[in-house]
Amino acid sequence: MSGSRALPPPRPVSRGRTPLRERWARRQPAAGAAVMATGIVSVGLHLTGYEAVSRVTLAMTAAAWAVLAADFAARLVLERERWLAEARTPGAPTAVAATTVLGARLSSLGRQTAAEALLALAAVLWPVLLVIVVRRWRRGMPGSVFLCCVATQGLAVLGAALARAQGAAWLAHTALVLFGLGLVLYCAALPLFDLRQVTEGAGDQWVAGGALAVSALAGAELLTADAGGLHLWNDDDAGVLRSLTVALLALDLAWYVVLLAAEVRRPRPRYDGRRWSTAFPMGMTAAAALSVADAADVPWLTGPGEVLLWVAVAAWLTVAAAAVAHAGRGVRSRAPR
């Protein structure tokens, strides 16, 4: 991946290790994008009333997050050099973003204690990974350069959701600061993004739009937190936040059209793990449209949001099927004959 150093080779494969475990040892640090994509699909299904399916995808999200979290901790303790190398890659902030997506969905179920724990964990990881990754920014970066914005806005989304649930004005104001910082990070990353990735990227170019989608979702959550009786913003401030939120969604939709047109013009059907970073922005755009429709009182956005959700579900299913098939081929190719 451009813009990042090559990872050191994994430890020699010990005897008895299965082909599947070999593939897992070589997984990319941005694997958290699969958790993000599954989690945001769960959020979107919840927003549209498909609660049973939403809970199934939530269970999948939680299980995948737990596995990745255990692996993250194991590498931190047992393979410190490799952990540091992975932390320097643009995809490292997926660890924070995936945690906040799971936390936001749990908060919507009323599981505030679990959501608080995930917010605390994400808040501890966020500054460490942010500093490590941003220090290695340079021109010609892939779409994963926007993941610092996504992680920051994920904290804003979860913080605002918990502020509304708990009536904590301080948490809402902290989320507002993170919302602003996320926009600054987006503006800083945009000039570094290699625009050729729009037509050549392997999937993570979609994060250029997805970062705006999660920013719009954060704005919607902040507006909703105020509606909970906290009296966070006066009319003028709320008006500015509402206008900014709608504008962010509009910019995200513009990116969506451009990126989709580029996919049609130059199809890239071959499977790549970075395709999870396509499914996530699609799902996030749908969730943002549905949330902004309610929070900013733009009801006509509900219909397009539902359409975009089913497009995102189709994309998620396609990527998941391709990932399973790819893993199966890899296991068979390494199996003893």
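Note that these values count all heavy atoms, side chains included, but never hydrogens, waters or copies made by symmetry.
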Legend entry - Aromatic centroids of Y50 and W310 separated by under 6.0 Å: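 That pair passes the under 6.0 Å test.
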How many angstroms lie between atom [atom1] of [X] and atom [atom2] of [Y], to the nearest 0.5 angstrom?
{"X": "W65", "Y": "F72", "atom1": "CH2", "atom2": "CZ", "answer": "10.5 Å"}
{"X": "S277", "Y": "M36", "atom1": "OG", "atom2": "CE", "answer": "6.5 Å"}
{"X": "L84", "Y": "E79", "atom1": "CG", "atom2": "CD", "answer": "11.5 Å"}
{"X": "H46", "Y": "R55", "atom1": "NE2", "atom2": "CZ", "answer": "9.0 Å"}
{"X": "R242", "Y": "W233", "atom1": "CZ", "atom2": "CH2", "answer": "12.5 Å"}
{"X": "S54", "Y": "L47", "atom1": "OG", "atom2": "CG", "answer": "8.5 Å"}

Does a side-chain N-to-carboxylate-O contact under 4.0 Å join [X] and [Y]?
{"X": "E263", "Y": "R275", "result": "yes"}
{"X": "R164", "Y": "E221", "result": "yes"}
{"X": "R80", "Y": "E86", "result": "no"}

Inset, instruction - Name all residues meeting the side-chain hydrogen bond (donor to acceptor under 3.5 Å, both in side chains) criterion together with T152; count only those two or more places apart in sequence or in a different chain, and write none if there are none. - result: W126
Please report the closest heavy-atom contact between [X] and [Y], naming both atoms and the distance.
{"X": "A114", "Y": "L106", "answer": "CB-CD1, 4.0 Å"}
{"X": "A115", "Y": "G103", "answer": "CB-O, 3.5 Å"}
{"X": "M141", "Y": "P90", "answer": "CE-CG, 3.8 Å"}

Inset, instruction - Verify the neighbour count for atom CG of N234: are there more than 12 heavy atoms of other residues, nucleotides or ligands below 6.0 Å? - result: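 Above 12, so yes.
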Inset, instruction - Give a yes or no on this: more than 12 heavy atoms of other residues, nucleotides or ligands lie within 6.0 Å of atom CZ of R268. - result: yes
Under 3.5 Å, which donor-acceptor pairs do the side chains of residues 209-216 form with other protein atoms, sequence neighbours left out?
unit_1, atom_1, unit_2, atom_2, d
S215, OG, Q153, NE2, 3.1
S215, OG, A211, O, 2.8

Which atom pairs, donor and acceptor, lie under 3.5 Å between side-chain atoms of residues 314-323 and protein residues at least two apart or in another chain?
unit_1, atom_1, unit_2, atom_2, d
W316, NE1, T38, OG1, 2.9
T318, OG1, A314, O, 2.8

Legend entry - Option from L178, L232, L176 for which side chain to side chain contact (heavy atoms under 4.5 Å, CB included) with L222 holds: L176
Legend entry - Candidates V56, I40, L102 - the one meeting side chain to side chain contact (heavy atoms under 4.5 Å, CB included) with T61: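 So the option named by the test is L102.
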Using a 3.5 Å cut-off and no angle test, enumerate the donor-acceptor pairs between side-chain atoms of residues 289-304 and protein atoms at least two apart in sequence or in another chain.
unit_1, atom_1, unit_2, atom_2, d
S291, OG, A287, O, 2.9
T302, OG1, P299, O, 3.1

Inset, instruction - Please work out whether the ring planes of W206 and Y256 are parallel, tilted or perpendicular, with thresholds of 30° and 60°. - result: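 Correct class here is perpendicular.
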Legend entry - Any residue meeting salt bridge (Lys or Arg N to Asp or Glu O under 4.0 Å) with D272, in chain and number order, not counting sequence neighbours: R274
Going by atom type alone, with no hydrogens or angles, which donor-acceptor pairs under 3.5 Å involve a side-chain atom of residues 181-191 and a protein atom two or more places apart or on another chain?
unit_1, atom_1, unit_2, atom_2, d
Y186, OH, A208, O, 2.8
Y186, OH, W255, NE1, 3.1

